[in-house]
*Asks:* 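Shown below is the structure under consideration.
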Amino acid sequence: MNRPALLDFDTALSQLLALAEPSDTRETLPTMDALDRVLAADQVSALDVPPMDNAQMDGWAVRVADLAGGQALPVSQRIPAGASPTALAPGSVARIFTGATVPPGADAVVMQEQAIPEGERVRFETVPPVGEWIRRTGEDIRRGAIVLAAGTRLTPQALGLAASVGLAALPVRPRLRVACFFTGDELAMPGEPLPPGAIYNSNRFVLGALLRRLGCEVIDLGIVPDTLEATRAALRDAARDADLIVTSGGMSVGEEDHVRPALQAEGELRTWQIAIKPGKPLAWGRVRRDAGHAHFIGLPGNPVSSFVTFLLFVRPFLLRLQGAVDVAPRALPMRADFDWPTPDRRREFLRARMNDSGGLDLFPNQGSAVMTSTVWADGLIDTPPSQPIRRGDTVRFLPYGGLM
């Protein structure tokens, strides 16, 4: 039987992302509760930030011209943060604290370490330049500026930015509902006896946790028996309420691999062979339901393959389905402190971690069932097909932080 050529990684990802059409629906959440959600509309600042000229340091607000003579100057007022100062009298200085409003007439702040108090007066060791240690009005954000663009995934710092311009609530895309199930009569759950030939189902824990970390509502359908009928029934059940169905296992061509024929019977299979390692048996498509369809992505059963293909394919698809604009992970150019002399013909994603000398170490066993490699590593090296790596070469490193 002639099999179709393996689809290269970039083409596969591009085709998958083209299927992700975000919903037009939105909901409004308190800013405090919007972490990791995707913003549904541009957010515009209604004020300047900072809203007034303010001091960057504890010290003294001065008129620079008054310091030319070197004489000690009287203290005319004290300005803590939150106070409304009066205009600075000529020939005087004001005691001022970090974040406090700079009084009208003052044109610099001298840090307290550069001043010599003399009773009710203060002498200065140096004459500062105009504007020193003053944050100007609107220096960070101008009124009317877009502070967060639609499609932004809301990080903790993004929530802080929204709060800094007074946004108490944000319009966001709804949470995605993702159904998942796992095929294999050999699978058992931790806490159960482990019969001969059985293994514990680690993928259920990994994929569920990754989905929750991405802000999804998880519909866990558990372990499905290795029959075509049971697999078809699981797809129908999952499609009723889910935006996306994710499965693990059963995607190959063996007699006990039923996900692919079940998907073809219940919907549409787009592709199922990708030229990557680990993770060649990857599929996507959709499952019919009464109104429309649910998206489907089938991951390999080997735990490393399942983990890696989730990061490379499912994560960007979910983000795009939520309306996120930036879904590509950031690759860092880093030095390889190892040799990889016998590369695969497929594009490889090697488990590695950063070392104390600024390079990358490689986990010694890159097998697709070696789950310890995923915990030991802190990212993946993206290696082109058939390209060996020599110690000292620069490689593309994808940190886990940008993949989760």
Side-chain angles (χ1 to χ4, degrees), residues 28-35 37 39 41-150 152 154-172:
T28 300
L29 290 181
T31 299
M32 188 73 76
D33 299 331
L35 180 65
R37 303 294 284 274
L39 199 58
D42 292 346
Q43 298 301 291
V44 175
S45 177
L47 69 158
D48 292 320
V49 178
M52 71 294 185
D53 289 358
N54 69 89
Q56 295 187 54
M57 294 280 183
D58 290 350
W60 307 90
V62 302
R63 295 175 186 266
V64 171
D66 290 343
L67 274 58
Q71 69 276 19
L73 300 176
V75 180
S76 59
Q77 58 181 309
R78 182 177 184 275
I79 312 171
S84 296
T86 59
L88 184 65
S92 73
V93 299
R95 182 70 166 117
I96 195 166
F97 298 88
T98 302
T101 301
V102 175
D107 55 11
V109 170
V110 179
M111 67 171 64
Q112 61 188 16
E113 294 85 351
Q114 294 178 343
I116 304 171
E118 298 179 353
E120 298 298 319
R121 292 175 174 266
V122 180
R123 186 183 307 278
F124 299 93
E125 297 180 329
T126 60
V127 177
V130 171
E132 184 166 71
W133 301 123
I134 294 177
R135 296 190 189 97
R136 295 299 184 185
T137 301
E139 182 179 294
D140 185 8
I141 300 167
R142 287 291 184 183
R143 182 194 306 266
I146 295 174
V147 290
L148 291 168
T152 298
L154 294 168
T155 59
Q157 58 269 36
L159 299 185
L161 179 57
S164 75
V165 298
L167 296 171
L170 296 170
V172 297

*Asks:* Any salt bridge (charged side-chain N to carboxylate O under 4.0 Å, His left out) pairs touching residues 134-147, not counting sequence neighbours?
*Replies:* D53-R136

*Asks:* Over all heavy atoms of both residues, which pair between D33 and L29 is shortest? Give the atoms and the distance, please.
*Replies:*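 Where D33 meets L29 most closely, the heavy atoms are O-CD1, 3.8 Å.
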
*Asks:* How far does CG of L35 sit from CG of L170, to the nearest 0.5 angstrom?
*Replies:*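 Result: 11.5 Å between the selected atoms.
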
*Asks:* Indicate the atoms forming the closest heavy-atom contact of V172 with A34, along with that distance.
*Replies:*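 Answer, listing the atom of V172 first, then A34: CG1-CB, 4.4 Å.
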
*Asks:* Please examine the side chains of L39 and P171, heavy atoms only from C-beta on, and report whether any two atoms are closer than 4.5 Å.
*Replies:* yes

*Asks:* For T101, enumerate each residue passing the side-chain hydrogen bond (donor to acceptor under 3.5 Å, both in side chains) test, keeping only those at least two apart in sequence or located in another chain.
*Replies:* none

*Asks:* I'd like to know whether CE of M52 has more than 12 heavy-atom contacts from other residues, nucleotides or ligands below 6.0 angstrom.
*Replies:*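 For M52, atom CE is crowded (more than 12 foreign heavy atoms under 6.0 Å).
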
*Asks:* What is the distance from atom CG of D107 to atom CD1 of I134, rounded to the nearest 0.5 Å?
*Replies:* 6.5 Å

*Asks:* Can you give me the closest heavy-atom contact between A61 and L88, atom names plus distance?
*Replies:*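 Closest heavy-atom pair between A61 and L88: O-CD2, 3.8 Å.
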
*Asks:* Would you check, one step at a time, whether the test side chain to side chain contact (heavy atoms under 4.5 Å, CB included) holds for Q114 with W60?
*Replies:* CA-CA 10 Å; Q114 294 178 343; W60 307 90; over 6 Å; no

*Asks:* Can you name the side chain to side chain contact (heavy atoms under 4.5 Å, CB included) partners of A87, sequence neighbours left out?
*Replies:*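 With neighbours one apart ignored, the set is P104.
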
*Asks:* Which value, rounded to the nearest 0.5 Å, describes the distance between Q112 atom CD and R95 atom CZ?
*Replies:*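 Rounded to the nearest 0.5 Å, the CD-CZ separation comes to 4.5 Å.
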
*Asks:* List the atom pairs, donor and acceptor, that lie under 3.5 Å between side-chain atoms in residues 157-164 and the rest of the protein, sequence neighbours left out.
*Replies:*
residue, atom, partner, partner atom, Å
Q157, OE1, T155, OG1, 3.4
S164, OG, L161, O, 2.6

*Asks:* Could I get the full list of side chain to side chain contact (heavy atoms under 4.5 Å, CB included) partners for S45, not counting sequence neighbours?
*Replies:*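 Partners of S45 by the side chain to side chain contact (heavy atoms under 4.5 Å, CB included) criterion, ordered by chain and then number, come out as L47, I141, V147, V165.
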
*Asks:* Taking side-chain hydrogen bond (donor to acceptor under 3.5 Å, both in side chains) as the definition, give me every residue that meets it alongside Q71, ordered by chain and number, with sequence neighbours left out.
*Replies:*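 So Q71 forms no side-chain hydrogen bond (donor to acceptor under 3.5 Å, both in side chains) with any residue.
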
*Asks:* Got a sec, which pairs hit side-chain hydrogen bond (donor to acceptor under 3.5 Å, both in side chains) with one end in residues 79-90, sequence neighbours left out?
*Replies:*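 Matches after skipping sequence neighbours: Q77-T86.
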
*Asks:* Among residues two or more places apart or on two chains, list those pairs meeting salt bridge (charged side-chain N to carboxylate O under 4.0 Å, His left out) that have a residue in residues 108-124.
*Replies:* E118-R123

*Asks:* Go through L67 and L73 one step at a time and tell me if the side chain to side chain contact (heavy atoms under 4.5 Å, CB included) criterion holds.
*Replies:* CA-CA 8 Å; L67 274 58; L73 300 176; 3.8 Å; yes

*Asks:* Output all residues satisfying side chain to side chain contact (heavy atoms under 4.5 Å, CB included) with V44, sequence neighbours left out; order by chain, then residue number.
*Replies:* I146

*Asks:* Distance-only, no hydrogens or angles: does the T31 side chain make a donor-acceptor pair with backbone N or O of L167 under 3.5 Å?
*Replies:*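 Side chain of T31 to backbone of L167, a donor-acceptor pair under 3.5 Å: yes, one is there.
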
